[in-house]
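Quick notes on the structure that follows.
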Amino acid sequence: MTYTLTTPLYYVNDKPHLGSAYTTLACDALARFQRLMGQQVLFITGCDEHGLKIQRTAEAAGLTPQAHCDQVSDQYRALWQRWQISNDRFIRTTDPRHHLLVEQFYRRVEAAGDVVEGRQRGWYCVACEEFKDDPPEARTPQCSTHQRPLEWRDELNLFFRLSRYQQAIEELIQRPGFIAPASRRREVENFVAQGLRDFSISRLDLPWGIPVPGHQGHTFYVWFDALLGYLTALLEPGDPPDLDLLSQRGWPASIHVIGKDILRFHAVYWPAMLLSAGLELPGRVFGHGFLTREGQKMGKSLGNVLDPGELLERCGPDAVRWYLLRDIPFGDDGDVQQQRFSDLVNNDLANTIGNLLNRTSSMARRWFEQAVPAPSEAVGSSHPLAQASQLAREQVIEGMERLDFRQAAVAALQLAVSANGFLNDQAPWSRMKQEGQRQQVADDLYAVLEAARQVALLLAPILPDLSARMLLQLNQPLASSGVVAGGQSGSDGEQLPWQQRLTWGSLAAGTPLPEPEPVMARQDLDGPL
RNA sequence: GGCUCGGUAGCUCAGCUGGUUAGAGCGUGGGAUUCAUAACCCCAAGGUCGGGAGUUCAAGUCUCCCCCGAGCCA
């Protein structure tokens, strides 16, 4: 069974922001983890490119909508490449095959009797692409999220009969684990409990959209079209746009990872649409939290937006991934603080993990012919570091499965902390000055090197680059979780599976150790981010 | 206005079905050490657990009210 996971398809209204990068990074870690666990993975991301807002943005920039979309979606694509995101697909909703698939999907929904005509009157927010519930007599209605004036609409639209799916959706959202984190389920329950209303799936006189077959002048509502992008993305290059093919191409998705703001679309509207079209439902919808910066919302008006590209440039992928995934509970809102960022990166990655490898490798080289020392029988599975490794491994796996990146990261870090403590207790540098302690030192250094190897492997999903540098330092093959630095795919053929490599004691005695170099530089940021 | 989540050391947070002196990491102060990226290791200070009332032999942990913050629906 393919493990299919998706980021949202990002709206190309503006250049990528940190929030999109956050979601995508998290998905990347998850995708890498699943690959390491031996799953066949289909990691989907892409762009949502239709709608009035985009049409207007393009006009304002003096571009055709298509040219605008090309430009922005290229920025996304380039950014993900620079971040070494291991996505398998990058779907654009302007893809010609997508049009055909949407038409096909619509015909199924129509055939199921789920499309009706209806009059839509009310205040509309172009930024949300949504009708609001403000009373018709309101004078200067404003969108509460966008602080922008609403526009009056009165049009005949096509509606999807969501109301028919009341019971099915109620049952679905009760399914344990369908909505994650669980804390967000209540929100959706409340919404559904109020009674589901049909929602419009078409717009009139909106040229920048996919035309509704058989309904002159109607184009599909962006959300209807965008969600279907997840399906189109599954198609392989030569495939015809055929819904019947999808079950062989990785549908249903195992998980949709999204921001908490679009939970409703994914947990309510989307499943109903799928049911209507006779397709299977995704396994899980995970709505993560939002990032603030130094306690404040990020926004253009405040001028405190962190540009993901710039962040990457200045700090590197390991630092940013570590900070976001290790410090901020995925699912909750989190505050990005520069001081904490550099504190954590320096302490955890440079001092604890990087230095551990550096000091150990240096000792092994000095006293054991520049190679991994040969351990005695004493370094077996009952060795304290073997036990610590075992625990770390369990917690990393459990954490990653629950998208608790923090637990996974801290568990790997904890192993390095244990190894540092062990080293200080054993003090091999003192023992080397005593007679008859050579084997003990060999054992101790072996155990710590082996623990460092475990740390490197355990870090692979979250920090593929650092993991690679550590494994290189230990003269080990890389963990093949997807693309790594340099662009080559990390899979080098005959390698053992990740879990097997995590068996304690797999580090071969006598493996030559290269001259150590710091695997992680300390952050020394001059000036604010 | 209704509902949902939070409010625990300077900061970020753990504290399950109520039970010995409330924990961790970072930051701060001190000590030890030299293998190492001024790194590692050890120790310490620091909290009337948002406020108030109640239930109980016992409440951060349950109940009620209030205050503050975030969010969902109106």
Side-chain angles (χ1 to χ4, degrees), chain A residues 130 132-135 138 141 144-145 179 181-197 259-265 267-268 287-292 294-297 322-324 326-368 373 404 406-407 409-411 413-414 416-433 441 444-445 448-449 452 466 469-470 473 513 515-524:
Chain A
E130 231 179 4
K132 298 288 168 179
D133 290 318
D134 295 52
S144 51
T145 38
I179 295 177
S183 55
R184 250 180 256 296
R185 187 165 79 192
R186 192 67 55 85
E187 199 172 291
V188 179
E189 280 172 4
N190 288 345
F191 174 76
V192 174
Q194 292 176 343
L196 294 174
R197 288 183 290 180
K260 61 181 184 178
D261 56 330
I262 52 176
L263 186 55
R264 211 167 79 203
F265 289 101
V268 179
H288 72 247
F290 286 155
L291 301 177
T292 52
E294 312 290 348
Q296 291 192 302
K297 266 187 185 171
W322 183 253
Y323 177 63
L324 293 177
R326 121 102 225 229
D327 199 39
I328 295 167
F330 199 62
D332 295 354
D333 289 348
D335 191 38
V336 176
Q337 298 173 350
Q338 182 165 347
Q339 186 61 52
R340 193 166 168 76
F341 174 91
S342 47
D343 282 348
L344 279 186
V345 169
N346 289 343
N347 277 304
D348 298 347
L349 300 186
N351 298 352
T352 301
I353 292 174
N355 184 48
L356 172 71
L357 180 56
N358 196 261
R359 68 195 295 213
T360 315
S361 172
S362 153
M363 285 186 273
R365 280 170 54 87
R366 183 172 307 175
W367 301 319
F368 294 91
D404 187 341
R406 184 149 78 151
Q407 173 180 316
V410 170
L413 174 66
Q414 186 53 47
V417 169
S418 304
N420 270 318
F422 177 80
L423 215 41
N424 279 56
D425 290 345
Q426 298 304 111
W429 48 90
S430 306
R431 289 185 193 272
M432 275 314 279
K433 293 173 187 157
V441 171
D444 293 343
L445 291 183
V448 176
L449 285 167
L466 179 59
R469 272 179 272 125
M470 290 179 76
Q473 190 90 98
L513 293 170
E515 181 158 2
E517 286 172 38
V519 287
M520 187 72 203
R522 293 172 59 84
Q523 292 283 314
D524 199 10

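Every chain is numbered from 1, with letters handed out A, B, ... down the list of sequences.
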Say we look at [N] and [M]: how far apart would their [atom1] atoms be, to the nearest angstrom?
N: B:rC16; M: B:rA39; atom1: C1'; answer: 38 Å
N: B:rA74; M: B:rU4; atom1: C1'; answer: 14 Å
N: B:rG29; M: B:rG15; atom1: C1'; answer: 27 Å
N: B:rC11; M: B:rC49; atom1: P; answer: 16 Å
N: B:rA38; M: B:rA32; atom1: C1'; answer: 16 Å
N: B:rA24; M: B:rC65; atom1: P; answer: 36 Å
N: B:rG47; M: B:rA36; atom1: C1'; answer: 37 Å
N: B:rC66; M: B:rG7; atom1: C1'; answer: 14 Å

From [X] [atom1] over to [Y] [atom2], what is the distance, rounded to the nearest 0.5 angstrom?
X: A:Glu517; Y: A:Arg469; atom1: CD; atom2: CZ; answer: 10.5 Å
X: A:Arg431; Y: A:Asp444; atom1: CZ; atom2: CG; answer: 6.0 Å
X: A:Asp343; Y: A:Gln523; atom1: CG; atom2: CD; answer: 11.0 Å
X: A:Leu344; Y: A:Arg326; atom1: CG; atom2: CZ; answer: 5.0 Å
X: A:Ile353; Y: A:Trp322; atom1: CD1; atom2: CH2; answer: 5.0 Å

A side-chain contact here means heavy atoms from C-beta on lying under 4.5 Å apart; do [X] and [Y] qualify?
X: A:Trp367; Y: A:Leu445; result: yes
X: A:Asp333; Y: A:Lys260; result: yes
X: A:Met520; Y: A:Val345; result: yes

Find the distance [X]:[atom1] to [N]:[atom2] and express it as a whole number of Å.
X: A:Asp348; N: B:rC40; atom1: CG; atom2: C1'; result: 14 Å
X: A:Phe191; N: B:rA74; atom1: CZ; atom2: P; result: 7 Å
X: A:Phe290; N: B:rC72; atom1: CZ; atom2: C1'; result: 12 Å
X: A:Leu263; N: B:rG71; atom1: CG; atom2: C1'; result: 12 Å
X: A:Phe265; N: B:rC72; atom1: CZ; atom2: P; result: 12 Å
X: A:Arg184; N: B:rC72; atom1: CZ; atom2: P; result: 10 Å

Open item on the list: My understanding is that only residues two or more places apart in sequence, or in another chain, count here; which of them pass ring-ring contact (aromatic ring centres under 6.0 Å, His included) with A:Phe265?
Closed with: A:Trp223, A:Tyr269

Open item on the list: Which residues pass the ring-ring contact (aromatic ring centres under 6.0 Å, His included) test with A:Phe330, not counting sequence neighbours?
Closed with: A:Tyr22, A:Phe286, A:His288, A:Phe405

TODO: Decide if atom CZ of A:Arg186 counts as having more than 12 heavy atoms of other residues, nucleotides or ligands within a radius under 6.0 Å.
DONE: no

- [ ] Could you pick out which residue, A:Leu344 or A:Val188, lies toward the 5' side of RNA chain B when each is mapped onto its nearest nucleotide?
- [x] A:Leu344

Open item on the list: If you compare every side-chain N and O of A:Arg185 against the phosphate oxygens of B:rC3 (OP1, OP2), does one of them come in below 4.0 Å?
Closed with: no

Open item on the list: Please classify the glycosidic conformation of B:rG46 as syn (within 90° of 0) or anti (everything else).
Closed with: syn

Open item on the list: Return a single string for nucleotides 4-14 of chain B, one symbol per nucleotide in 5' to 3' order, where B is base contact, S is sugar-phosphate-only contact and - is none, cutoff 4.0 angstrom on heavy atoms.
Closed with: S------SBS-

Task: Per-nucleotide protein contact string for nucleotides 32-39 of chain B, where B marks a base within reach and S marks sugar-phosphate only (heavy atoms under 4.0 Å, - for neither) - done: -SSBBB-S

Open item on the list: Expected output check: what is the dot-bracket annotation of RNA chain B, where ( ) and [ ] are pairs inside the strand (brackets for crossing ones), | is paired with another strand, and pairs are Watson-Crick or G-U under 3.5 Å?
Closed with: (((((((..((((.....[...)))).((((.........)))).....(((((..]....)))))))))))).

- [ ] Mind checking side-chain contact (heavy atoms from CB on, under 4.5 Å) for A:Asp332 and listing every partner two or more places apart, or none if nothing turns up?
- [x] A:Pro329

